[in-house]
Amino acid sequence: MTTMNIVSEHLQAYGLVWMMLLGVLGALIAWLLWQYRRQRSMREEMELASGMCTSSIEHDMVLRAMRLSTWRLEVDTGRIIYGPDYRDNAMHREGEVQDDYRNIFPSILSEDADRVIGGLEDLCKGKVDDIHQVYRLKAQNELGYTWNSYTAIVAERHTDGTPSVIVGTSQCIDQQKKMEWELVEARNEALENDRLKSAFLANISHEVRTPLNAIVGFSEVLMQVDDVSERERLMEIIRTNNNQLLSLFESMVNMSKAEAVGETRKVDKSPFVLADLIRGLSSDARLSNTNELVEIKCRCGNDTALTLVSDKMMLADILRHFLSNAIKFTREGEVVIGYRTLDDGNVRIFVSDTGIGISEQEQKRIFDRFYKVDTFVQGMGLGLSICRTYAYLLGGNIGVKSTLGAGSTFWIDMPK
Ligand code: ADP
């Protein structure tokens with residue numbers, strides 16, 4: 001064997017070893033690379049999963065906070081699948097399936113049904129891409145329904161573009177509707193108060209000017225008249241107008257006192273016999289009544305010793321106003337003042353008349369400030385409002401029962 005052969009054999013052996021080493025090294029590197037990629041993709045998957053978990057929790061929180069319930073409608077089958085229901089009155093369990101979405105329609109109030117059904121069907125047919133509707137669902141509450149709204153969009157389509165899946169959210173909006181209603185009420189009340197105040201200003205200038213003109217005018221005439229009986233007639237007219245003006249200012253002062261916080265008239269309670277007060281008021285009314293066609297009567301019943309512990313003056317003011325209204329609005333017949341004990345133990349003190357009466361609609365407003373059924377009738381429309389404030393101060397309850405054209409009964413229920 002030559003030296004050359006020995007050298008080449010050695011070289012071949014080394015080459016093989018190197019080749020093997022390189023092979024092992026390559027395999028090792030490939031394994032390490034594979035491991036690295038695997039680890040990285042696992043890490044990415046975990047990150048993705050935890051991200052999805054967080055966004056699903058967030059999504060859930062948003063639904064819960066907004067009290068929304070989600071649903072998914074498969075257009076071809078009509079199947080509707082519900083997500084969690086966060087409405088106040090949980091209507092569907094999560095994952096609940098309704099075979100045909102049209103089965104829901106009978107629970108919608110008939111007034112809203114056509115609009116809701118039409119809207120949803122337009123969405124299913126692809127006529128619109130999204131929809132938002134407010135509707136009422138039948139319910140076992142005092143209204144007979146709850147307010148709801150839904151928003152839906154086309155989420156998936158067939159290859160021809162027609163909708164295949166619709167997703168939507170539903171919400172109970174009873175609270176929102178209640179707030180809306182309260183705001184509308186408050187706005188209407190503010191508008192009405194504004195209207196009444198304008199009417200009041202117009203009215204007050206008329207109410208003040210009329211007696212004032214009479215006083216000024218007749219006073220001047222009085223100075224030029226010598227005839228005694230004529231002078232007496234003129235003085236009577238002036239006196240009547242003076243009283244009218246005085247009572248007008250009294251009403252206004254009483255009203256502002258009754259309304260001013262902390263300035264309300266003080267209640268001074270002491271015992272008194274009710275029948276005595278009623279008899280006194282009826283005889284005063286008889287004296288001031290100038291209409292012979294109206295008879296003033298007193299009906300005190302059997303319990304003439306009935307004693308109340310209350311503010312006699314304040315109660316008398318209320319009843320005096322009831323009486324003066326009754327006489328003012330009764331052309332003929334009778335005005336009766338009286339009282340009787342009610343089943344609940346309270347005493348009802350009433351003034352009834354056979355006058356023009358008040359419609360049911362007007363009865364609801366009659367105790368409001370400045371409210372008058374007929375603007376041409378004398379008065380500021382403040383008296384009954386003052387009476388109501390006084391009644392509350394006395395711990396009583398005030399009310400009216402009336403039939404248009406037949407007469408009215410105003411009453412105050414007082415604790416014994
Ligand atoms: P005022 O202070 O001008 O007398 P009220 O507040 O007492 O006004 O009454 C308001 C309105 O209620 C009157 O303008 C009248 O239209 C109606 N009213 C009050 N009492 C009677 C009654 N006994 N019969 C018919 N209408 C009445």
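Just the heavy atoms: all of them, side chains too, but no hydrogens, waters or symmetry mates, feed the values below. Just so you know, ligand 1 is whichever comes first in the structure, and atom 1 is the first atom listed for that ligand. None of these values were measured; they are calculated from a predicted model.
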Atom 7 (O) of ligand 1: the protein heavy-atom neighbour that sits closest, reported with distance to 0.1 Å | His321 NE2, 2.5 Å
Is the shortest side-chain N to carboxylate O distance from Lys401 to Glu360 below 4.0 Å?
-> no
Nearest to atom 23 (N) of ligand 1, what protein heavy atom do you find, and at what distance?
-> Asp353 OD2, 3.0 Å
Pairs satisfying ring-ring contact (aromatic ring centres under 6.0 Å, His included), at least one member in residues 286-306, at least two apart = none
contact_flag Phe367 ligand 1 heavy-atom lt 4.0 Å | no
What atoms of ligand 1 come closer than 4.0 angstrom to any heavy atom of Leu384?
-> 5 (P), 6 (O), 7 (O), 9 (O), 19 (C)
Sidechain N-carboxylate O distance under 4.0 Å for Arg239, Glu236 | yes
Hey, are Asp174 and Lys177 close enough for a salt bridge, meaning a charged N less than 4.0 Å from a carboxylate O?
-> no
What protein heavy atom sits nearest atom 21 (C) of ligand 1, and how far away is it?
-> Phe329 CD1, 3.5 Å
Run the salt-bridge test on Arg136 and Asp112 with the 4.0 Å N-O cut-off and return the result as yes or no.
-> yes
Among Asn325, Leu382, Asp368, Leu323, closest by any non-hydrogen atom to atom 19 (C) of ligand 1 = Asn325
For Gly381, the ligand 1 atoms with a heavy-atom partner under 4.0 Å come out as 1 (P), 2 (O), 3 (O), 6 (O), 8 (O)
Judged by atom type as modelled, is there a donor-acceptor pair below 3.5 Å linking the side chain of Thr330 to the main-chain atoms of Ile327?
-> no
Decide yes or no on side-chain hydrogen bond (donor to acceptor under 3.5 Å, both in side chains) for Asn148 and Thr146, but give the supporting numbers first.
-> CA-CA 6 Å; Asn148 287 262; Thr146 61; 3.0 Å; yes
What atoms in ligand 1 come closer than 4.0 Å to a heavy atom of Lys328?
-> 4 (O)
In the protein, what heavy atom is nearest to atom 26 (N) of ligand 1, and what distance, to one decimal place, separates them?
-> Ile358 CG1, 3.4 Å
Would you say Gln363's side chain and Ser402's backbone share a donor-acceptor pair under 3.5 angstrom?
-> yes
What pairs of residues pass the ring-ring contact (aromatic ring centres under 6.0 Å, His included) test when at least one of them lies in residues 103-142, not counting sequence neighbours?
-> Tyr101-Phe105, Tyr135-Tyr150
Ser385, any N or O under 3.5 Å of ligand 1 N or O = no
Quick one: nearest non-hydrogen protein atom to atom 10 (C) of ligand 1, plus distance?
-> Tyr371 O, 3.3 Å
Should Ile366 be counted as touching ligand 1, given the test is an N or O pair under 3.5 Å?
-> no
Just distances here: any N/O of Gly383 and N/O of ligand 1 closer than 3.5 Å?
-> yes
For ligand 1, which atoms sit closer than 4.0 Å to a heavy atom of Ser408?
-> 24 (N)
Decide, yes or no, whether a salt bridge links Glu362 with Arg365 under the criterion of side-chain N to carboxylate O below 4.0 Å.
-> no
What part of Phe322 sits under 4.0 Å from ligand 1 if we count only heavy atoms: the side chain, the backbone, both or neither?
-> neither
